[in-house]
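Below is one structure, written out as structure tokens; the observations come after it.
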Amino acid sequence: MAELIDHPLVQHKLAIIRDVDTGHKRFRELAKEITKFICYEALKNIPTKEVSVQTPVAPAVCHKIDTDLVVVPVLRAGIGMLEGILELAPTARVGFVGLYRDEETKLPVSYYERFPPQIRGGTCIVIDPMLATGGSTSAAVRSLKDQGATEIIVICIVTCPEGIALVEGEHPDVKIYAAAIDQQLNEKKYIVPGLGDAGDRLFGTLDPE
Ligand code: PRP
Ligand code: URA
């Protein structure tokens, strides 16, 4: 299942991050800001426990988060979303999945994986700005499941129906949260209109010298 975060504050920032004239500094800032809004919504159903807190006046019934949060950026573009989530959930642990799309086949190639043990029993949040064919996200979720993770959500910035269908087909238990569900993929398997190559735009690898 996919949930679109269509709040005007998110959609306004999306309009700017999509703009081809937005440079890497602003792109990074916007990726972080958009991520915070999506994450705020995506974590609304995580487990909490009732606790009693003594205020200066009286005991209060309160609720604290009752799960280990593990954020899993998909390298490299997922790094651009990490800081935003850690500002909301500063005690979250971080695991990494290194994947790139083969230029010919467009299939994900794995080159790195490292997870904290809390993926087992905790709540894993896979982050990657682009969920295009869905191959990379699906592979990241598969790696987590292979290591024993059972509670997994996905946060991306832009996705499309093909990618959602692939992830839903392979992982019907995983919910996807996105700021945009675009029309389609083009012949190079880029999201249209999308925002281009997120890794290059985040890290300035395409900008002129
Ligand atoms: C991009 C993006 C996703 C993937 C999405 O990464 O950040 O990981 O492509 O495509 P998919 O849904 O079709 O798998 P890329 O392979 O360009 O690597 P990079 O982040 O290192 O630039
Ligand atoms: N990866 C990107 O960075 N952008 C796309 O549109 C598709 C894959």
Side-chain angles (χ1 to χ4, degrees), residues 1-4 13-24 26-28 30-32 34-35 38-39 71-85 94-115 124-145 152-172 174-207:
M1 192 168 84
E3 183 170 327
L4 178 66
K13 291 176 193 299
L14 191 62
I16 306 171
I17 202 171
R18 281 191 197 271
D19 192 325
V20 66
D21 292 324
T22 297
H24 63 270
R26 190 71 190 115
F27 191 97
R28 267 204 292 267
L30 288 159
K32 174 175 159 183
I34 292 168
T35 301
I38 307 175
C39 177
V71 189
V72 182
V74 177
L75 305 177
R76 116 197 110 130
I79 290 287
M81 300 172 72
L82 180 59
E83 200 182 328
I85 296 199
V94 183
F96 293 93
V97 173
L99 292 170
Y100 69 88
R101 282 204 320 184
D102 180 89
E103 294 209 351
E104 293 297 316
T105 65
K106 311 299 181 199
L107 294 172
V109 179
S110 167
Y111 59 88
Y112 186 75
E113 217 177 271
R114 178 120 198 210
F115 302 129
C124 302
I125 309 154
V126 173
I127 52 173
D128 191 331
M130 309 307 282
L131 196 167
T133 66
S136 303
T137 295
S138 191
V141 171
R142 170 56 50 210
S143 296
L144 280 164
K145 287 183 174 176
I152 304 170
I153 62 174
V154 168
I155 298 181
C156 60
I157 296 180
V158 182
T159 185
C160 60
E162 292 98 313
I164 293 171
L166 186 122
V167 176
E168 276 181 355
E170 296 188 359
H171 305 290
V174 170
K175 189 160 176 190
I176 300 166
Y177 296 85
I181 301 175
D182 283 2
Q183 286 96 317
Q184 60 196 45
L185 297 172
N186 66 14
E187 63 292 348
K188 293 182 172 170
K189 303 293 182 196
Y190 270 71
I191 299 174
V192 183
L195 40 79
D197 188 306
D200 283 340
R201 293 197 67 190
L202 271 167
F203 300 117
T205 35
L206 272 188
D207 290 357

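Hydrogens, waters and symmetry mates are skipped; everything else that's a heavy atom, side chains included, is used. Counting convention: from 1, in listed order, for ligands and their atoms alike.
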May I have a table of the N/O to N/O pairs between ligand 1 and the protein that fall below 3.5 Å, each row giving the two atom names and the distance to 0.1 Å?
residue  : atom   : partner : partner atom : Å
ligand 1 : 7 (O)  : Asp128  : OD1          : 2.9
ligand 1 : 8 (O)  : Asp128  : OD2          : 2.4
ligand 1 : 12 (O) : Ala132  : N            : 2.8
ligand 1 : 12 (O) : Thr133  : N            : 3.1
ligand 1 : 12 (O) : Gly134  : N            : 2.9
ligand 1 : 13 (O) : Arg101  : NH1          : 2.8
ligand 1 : 13 (O) : Thr133  : N            : 2.9
ligand 1 : 13 (O) : Thr133  : OG1          : 2.5
ligand 1 : 14 (O) : Ser136  : N            : 2.9
ligand 1 : 14 (O) : Ser136  : OG           : 2.6
ligand 1 : 16 (O) : Arg101  : N            : 2.8
ligand 1 : 20 (O) : Arg76   : N            : 3.1
ligand 1 : 20 (O) : Ala77   : N            : 3.1
ligand 1 : 21 (O) : Arg76   : N            : 3.3
ligand 1 : 21 (O) : Arg76   : NE           : 3.3
ligand 1 : 22 (O) : Arg76   : NE           : 3.1
ligand 1 : 22 (O) : Arg76   : NH2          : 3.0

Worksheet entry | From CA spacing to verdict: side chain to side chain contact (heavy atoms under 4.5 Å, CB included), Thr22, Arg201 | CA-CA 9 Å; Thr22 297; Arg201 293 197 67 190; 3.7 Å; yes
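- Note that CD1 of Ile127 and CD1 of Ile153 are 10.5 Å apart. Values are rounded to the nearest 0.5 Å.
- For Lys145, the NZ atom is densely surrounded, since the number of other residues' heavy atoms within 6.0 Å is greater than 12.
- Atom CG of Asp128 is separated from atom CD1 of Ile155 by 11.5 Å, given to the nearest 0.5 angstrom.
- Of the charged side-chain nitrogens involved, none lies within less than 4.0 Å of a carboxylate oxygen, so that Asp19 and Arg26 do not count as a salt-bridged pair.
- Heavy-atom neighbours of Glu3 CD from other residues, nucleotides or ligands within 6.0 Å: above the threshold of 12.
- In this structure, Arg101 is positioned above the aromatic face of Tyr190, its NZ or CZ under 6.0 Å from the six-membered ring centre and within 45° of the axis.
- How far CD1 of Ile34 is from CD1 of Ile157: 5.0 Å, rounded to the nearest 0.5 Å.
- Within 4.0 Å of ligand 2, counting heavy atoms only, the contacting residues are Arg101, Met130, Ala132, Lys189, Tyr190, Ile191, Gly196, Asp197, Ala198.
- Considering only heavy atoms from C-beta on, Val158 comes within 4.5 Å of Leu14 through its side chain.
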